[in-house]
Amino acid sequence: MLNKKTSLAPKMGMLILMFFVAVAIFAPIISPYDPNTITSPYLKPSREHFLGTNDIGQDIFSELIYGARLSLFIGFFSAFIVTLVGSVLGIVSGYYKGIVGRIIMGVTNIALVIPSLPLTIVLAAYMQASIWNIIIAICATSWAGTARIIRSRTLQIRELPFIKIEHALGVGNLQIMFAHILPNVLEVILIKGTLAVSSAMLTEAGLSFLGLSSSTAKSWGSILHYAFFRNGVLNNYWWWYMPPIICISLCVLGFMLLGYHGKGKNKTTNKMELT
Amino acid sequence: MLAIKDLSVEFMTDHKVKAVDRVSLNIRKGTNTTIIGETGSGKSVLILSILRLLPPSAKITGKVIFENSDLFQMSKKETELIRGRKISYIPQGSGNALNPLLIIGYQVAEPMIVHKMITKKQAPQRSIDLLKRFNLGNEERRIHDYPHTLSGGMKQRVLVAMGISAGAGLILADEPTKGLDKSRVFMVVDCFQQLKSETILCVTHDLDFAQVIGDYVAVMYAAQIVEYSKKDDFFSKPLHPYSEALINSMPENGLKALKGFAPPHDTYSYSGCRFFERCSFKSDRCRSDPPLVEFGIRQVRCWKYAD
């Protein structure tokens, strides 16, 4: 995927993400405490508690490590659904330009103009607080952008000569869409998917910060939530609120570096645009 | 085998454009017919309309009878079954005629896979066999290559293999020599000579190619067929003034250029001979529609032979 000529940026992004994924996978080994064990509250950083403890005496460093699991899981899982739905709708609506395409695009346009954060908040507030509902709330709004981009790419591809030739040789519509158009839009899908992970993680952090996530789930957003609402910010306990902010920022940066700079490697597509 | 009767194609843009005007043509089984014409004379549209591949804005009238059934009366499903398996299509190789992101081995075998003639597992072997027929060279390795690694001539041969892979009896070819230099044209000629036993309807503006390939020649000018004849008669004694001018423009006949240009499609709603402006035999009666004069199977649309 990465070749020698590429700049440092995607490699850095990859490195950051691999670090966090490793942390998430090996959380039980790395973390010094179970994040749910309760000791004395509001401890400052010390040798025993690297980043101190929170308002009910849980070790913040362990919370942070376990938080990587949930934050990344929600990020990847919602991005997967968003990308899957967006790609299928995008390809179908681009391929069937007629009534089907127009209906799908009508719905997509509506989904695009609805301000997504308020809708997500409303959805998350009306449903019971749980991580699955957070995922649903994230997915409900963010598939539209992907669908539009994939559609416009599909509109380009479907006019290329080889599509007409496939028709002429009796290849069916489904086969054309998913065996011929899909590989040609895959690059866009991967880039959009990478960026979708970071935006899903951000939304998750925002919703958790507002207290719309499950109260026992440990994610970076929920650490921030408690740091803010249990006077951690007010008392400037920086070891409480800064680490999750740094982790979220780094992760988003990692995905951005990978997504924005990881494109344009596919020699065959470049070749295609030249001819 | 294939009978085209009064086929007209109109495009409904802001004003009507008639790209094919009452074309009738009989293709006999096992013969090769080439349609010669300038760019814009409607030859490609004719080919595409037979396979119903034109956009919905095209209004098609007339009949195309293939093996006793009218292609235009068929359902979508039936058309899909005929495409590739009974009637096939060989496009021009320039541009993206092959999917740039799929290996050629798969693309060559795909028509066989979609028509359920072979399984995916058999695909590589079948593509190797097919490509060997057309001397692609190094076929075992080539089938794993992507189209951009092929030269224009190789691409065209792959497309020919792809076109015939599902065993269609009738092959429609759309300018298979376009964009190739002369030595590569001969390779394509070899490919087509391999297919001599099939029925081929080939559109081209390469007269040499038509001379080698065709048994019959139809000349298309401004959406109409102006002459139809056996190849040898055509090249030795063309009847229509346009055909004569075409033959004279061949390098071996003195490279005499035709004056003027073929009229654009939207201008010939007028009556009368469409070649009128450029014809050196024109007379007053050419201002009304010329009749189709028949000499046996030979046909010519010109007043010169009306008497």
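Throughout, a chain's letter reflects where its sequence line sits, starting with A, and its residues are numbered from 1.
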Subject >> Heavy atoms from other residues, nucleotides or ligands near CZ of A:Phe19 exceed 12 (cutoff 6.0 Å) >> reply: no
Original post:
Where on B:Ala97 is there a heavy atom nearer than 4.5 Å to chain A: the side chain, the backbone, both, or neither?
Top reply: both
Original post:
How about B:Met12: does its CE atom have over 12 heavy atoms from other parts shown lying under 6.0 Å from it?
Top reply: yes
Original post:
Do we see a donor-acceptor contact under 3.5 Å between the side chains of A:His180 and B:Gln107?
Top reply: no
**OP:** Could I get the full list of ring pair (Phe, Tyr, Trp, His ring centres under 6.0 Å) partners for A:Phe76, not counting sequence neighbours?
**Re:** A:Phe255
**OP:** Report, as yes or no, whether the 6.0 Å neighbourhood of atom CZ on A:Arg158 holds more than 12 heavy atoms from other residues, nucleotides or ligands.
**Re:** yes
Original post:
What are the residues of residues 50-80 of chain B, in order of number, with any heavy atom under 4.5 angstrom from a heavy atom of chain A?
Top reply: B:Leu51, B:Leu53, B:Glu80
Original post:
CE of B:Met117: more than 12 outside heavy atoms within 6.0 angstrom?
Top reply: yes
Original post:
Between B:His115 (side chain) and A:Leu169 (backbone), is there a donor-acceptor pair under 3.5 Å?
Top reply: yes
Original post:
Between B:Arg83 and A:His167, what is the shortest heavy-atom contact and its length?
Top reply: CD-O, 2.9 Å
**OP:** Nearest 0.5 Å please: distance from the CD1 atom of A:Ile165 over to the CG atom of B:Asp174.
**Re:** 9.0 Å
**OP:** Examine distances only and state if a side-chain atom of B:Asn96 and a backbone atom of A:Phe162 form a donor-acceptor pair shorter than 3.5 Å.
**Re:** no
Original post:
Are A:Asn184 and B:Pro100 side-chain neighbours, meaning at least one heavy-atom pair lies under 4.5 Å?
Top reply: yes
**OP:** Give, as side chain, backbone, both or neither, the part of B:Ile87 having an atom under 4.5 angstrom from any heavy atom of chain A.
**Re:** backbone
Subject >> Residue pair A:Pro183 / B:Leu102: nearest heavy atoms and the distance that separates them >> reply: CG-CD2, 4.2 Å
